[in-house]
Protein chains: 2
Amino acid sequence: MPKEVVIVNNNKLIKLLKQNGLSITDSRRKILQLFLEQDGALAHGDIEKKAGEKFDRVTVYRTLQIFVDKGIIHTIPTADNSIRYALCKDECGEGHHHDHHIHFVCDNCNTTYCLDDVVTPEIKLPKGYSAGHVEVVVEGVCKNCQ
Amino acid sequence: MPKEVVIVNNNKLIKLLKQNGLSITDSRRKILQLFLEQDGALAHGDIEKKAGEKFDRVTVYRTLQIFVDKGIIHTIPTADNSIRYALCKDECGEGHHHDHHIHFVCDNCNTTYCLDDVVTPEIKLPKGYSAGHVEVVVEGVCKNCQ
DNA sequence: TATAAAAAAGCAACAATGTTGCAAAAGATA
DNA sequence: TATCTTTTGCAACATTGTTGCTTTTTTATA
Ligand SMILES: [Mn+2]
Ligand SMILES: [Mn+2]
Ligand SMILES: [Zn+2]
Ligand SMILES: [Zn+2]
């Protein structure tokens with residue numbers, strides 16, 4: 001390990017990667033750590049900034065992609081076109097996401113939160129439409145910015 | 001008017017532009033027409049393809065931007081990073097959007113609809129969070145694809 | 001309708017973001 | 001440790017978005 005990437009929580013990281021059949025590499029540990037030590041979600045740009053000194057841009061793209069595929073992280077819809085990612089809970093796995101919580105974006109600090117305890121509401125659709133997944137994003141002021 | 005841009009619904013278009021204090025130009029008429037003759041929403045890419053032969057890419061960006069600013073169209077959040085736009089209803093105006101409907105994306109045909117009659121639900125947030133605007137995007141199968 | 005002022009469009013150049021193929025390096029396995 | 005497999009970095013490229021400036025179009029007014 002020639003590069004000096006400081007990894008905390010190493011055991012947890014390795015366990016999570018192994019569970020998902022991923023080999024343990026510096027970039028995966030580093031990027032996964034960013035999510036673990038973070039309250040809210042991360043925009044692609046943030047991740048690239050924080051991990052980008054050590055790792056190639058392409059590696060960041062590929063790492064995020066594989067994390068989404070494996071059900072380790074999920075994307076969060078936004079109205080500007082920036083992709084945001086956050087850790088999934090245990091129910092998600094390879095090829096199937098089951099994230100049924102809502103998301104909250106703070107007007108003030110711009111943090112995006114997964115509100116894991118707020119379940120997405122039932123939506124009554126017009127005749128002819130059948131619902132699959134429902135995404136809810138609430139914009140407002142967060143607990144730290146009141 | 002040397003360019004042969006065919007505009008239907010010209011009166012409606014002109015009225016809408018004038019109402020919003022915009023001068024009447026070919027590109028604005030053409031792009032606005034795309035929205036009027038369309039059931040669903042339009043991705044930026046679609047608009048650029050459909051209007052891009054006649055108009056510069058930059059003009060498309062600037063036109064969409066000013067339409068959003070004036071409350072003529074609104075953006076729709078997506079998880080992939082593509083921006084989608086749809087016409088606003090009458091309540092929207094310069095500097096204030098009041099789009100309280102939900103959006104529906106068809107898995108099959110990939111059309112995005114504004115479901116104007118489905119009102120966004122009340123969301124009960126955890127202590128400390130205060131809600132502003134709520135965005136709901138439902139993914140499923142649309143009326144034409146059942 | 002002709003003219004002047006204001007606004008918008010087009011163009012070019014650039015920045016940022018995302019993708020692909022391939023050789024080198026690192027990781028897993030025995 | 002040796003071998004095989006996977007991942008990384010790099011380079012090159014494509015796509016998307018932005019900015020300043022000149023020309024053209026639109027609007028307002030005589
Ligand atoms: Mn989430
Ligand atoms: Mn809408
Ligand atoms: Zn906040
Ligand atoms: Zn459909």
Side-chain angles (χ1 to χ4, degrees), chain A residues 1-5 7 10-11 13-33 42-70 72-73 75 78-85 94, chain B residues 1-5 7 10 13-34 42-70 72-73 75 78-85 94:
Chain A
M1 199 200 302
K3 295 196 190 129
E4 12 94 26
V5 178
I7 300 286
N10 207 3
N11 292 347
L13 290 172
I14 290 179
K15 195 178 153 211
L16 198 47
L17 290 172
K18 284 225 170 117
Q19 270 177 6
N20 287 281
L22 294 176
S23 49
I24 315 300
T25 69
D26 278 2
S27 63
R28 286 174 185 168
R29 286 193 300 158
K30 173 63 178 173
I31 291 174
L32 195 47
Q33 188 193 353
L42 290 165
H44 180 97
D46 300 334
I47 300 164
E48 206 174 304
K49 273 190 216 88
K50 288 178 184 168
E53 294 169 19
K54 293 286 168 211
F55 306 103
D56 194 84
R57 250 162 30 84
V58 178
T59 301
V60 175
Y61 279 104
R62 295 199 267 226
T63 302
L64 291 170
Q65 184 56 58
I66 208 166
F67 282 2
V68 171
D69 291 346
K70 295 290 184 177
I72 300 172
I73 60 176
T75 56
T78 60
D80 63 346
N81 59 339
S82 71
I83 311 187
R84 302 204 158 212
Y85 301 92
E94 176 142 24
Chain B
M1 202 197 304
K3 297 199 189 126
E4 11 95 25
V5 178
I7 302 285
N10 207 1
L13 290 172
I14 290 177
K15 194 179 155 211
L16 197 47
L17 290 172
K18 284 226 171 118
Q19 270 178 3
N20 286 282
L22 294 176
S23 49
I24 315 302
T25 68
D26 280 1
S27 62
R28 288 174 183 168
R29 287 193 300 158
K30 172 63 178 173
I31 291 175
L32 195 47
Q33 189 194 350
L34 290 178
L42 290 164
H44 180 96
D46 300 334
I47 300 164
E48 206 173 304
K49 272 190 216 85
K50 289 176 183 169
E53 293 167 22
K54 292 284 167 214
F55 306 104
D56 193 85
R57 253 164 28 85
V58 178
T59 301
V60 175
Y61 279 103
R62 293 200 266 226
T63 303
L64 290 171
Q65 184 56 57
I66 207 165
F67 282 1
V68 171
D69 291 345
K70 294 289 185 179
I72 299 172
I73 60 178
T75 56
T78 59
D80 63 344
N81 57 341
S82 72
I83 311 186
R84 301 203 159 215
Y85 301 92
E94 175 142 24

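Side chains included, hydrogens not; waters and symmetry mates left out as well; all remaining heavy atoms used. Below, chain A is the first sequence line, B the second, and so on; all start at residue 1.
A heavy-atom distance below 4.5 Å is found between the side chains of B:F67 and B:L17. Inter-residue side-chain proximity for B:L64 and B:V68 is flagged as unmet; no heavy-atom pair is nearer than 4.5 Å.
Considering NZ of B:K30 and OG1 of B:T59, their distance stands at 14.5 Å, rounded to 0.5 Å. Remark: B:L34 CG to B:D46 CG distance equals 9.5 Å, nearest 0.5 Å.
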*Candidate pair B:L42 and B:K50, rule side-chain contact (heavy atoms from CB on, under 4.5 Å), full reasoning*: CA-CA 10 Å; B:L42 290 164; B:K50 289 176 183 169; 4.0 Å; yes
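When heavy atoms are screened at a 4.0 angstrom cut-off, A:R28 is found touching the sugar-phosphate backbone but no base atom.
Checking C:dA9, C:dT19, D:dG9 against every side-chain atom of B:T63, the shortest atom distance belongs to C:dA9. Comparing C:dG27, C:dC11, D:dT16 by their nearest atom to the side chain of B:D56 picks out C:dC11.
Between the side chain of B:R57 and the base of D:dG17 there is at least one donor-acceptor pair of N/O atoms closer than 3.5 Å. Scanning atom types as modelled, one donor and one acceptor separated by under 3.5 angstrom connect the side chain of B:R62 and the base of C:dG10.
A close approach under 4.0 Å does occur between a side-chain nitrogen or oxygen of A:T25 and OP1 or OP2 of D:dT8. The phosphate of C:dG18 has OP1 or OP2 within less than 4.0 Å of a side-chain N or O from B:N81. The side chain of A:T59 places no N or O atom within less than 4.0 Å of a non-bridging phosphate oxygen (OP1 or OP2) of D:dT8.
Mapping B:I24 and B:V58 onto DNA chain D via the closest heavy atom, the residue that lands nearer the 5' end is B:V58. Residue order along DNA chain D, read from the 5' end via each residue's closest nucleotide, puts B:H44 first among B:H44 and B:L22.
Separating the CG atom of B:D69 from the C1' atom of C:dA8 is a distance of 15 Å, rounded to the nearest angstrom. In this structure, B:K54 atom NZ and C:dC11 atom P are separated by 13 Å, rounded to whole Å. Residue B:I47 contributes atom CD1, which lies 15 Å from atom C1' of D:dG17 at whole-angstrom precision. Across the protein-nucleic acid pair, A:D46 atom CG and C:dA16 atom P stand 16 Å apart, rounded to whole Å. Atom-to-atom, CD1 of A:I83 to C1' of D:dT16 comes out at 13 Å; the value is rounded to the nearest Å. Distance CG (A:L13) to P (C:dG27): 15 Å, rounded to an integer number of Å. Protein atom CZ of A:F55 is 12 Å distant from nucleotide atom C1' of C:dA26, rounded to whole Å. Distance, B:D80 CG to C:dG18 P: 11 Å, rounded to whole Å.
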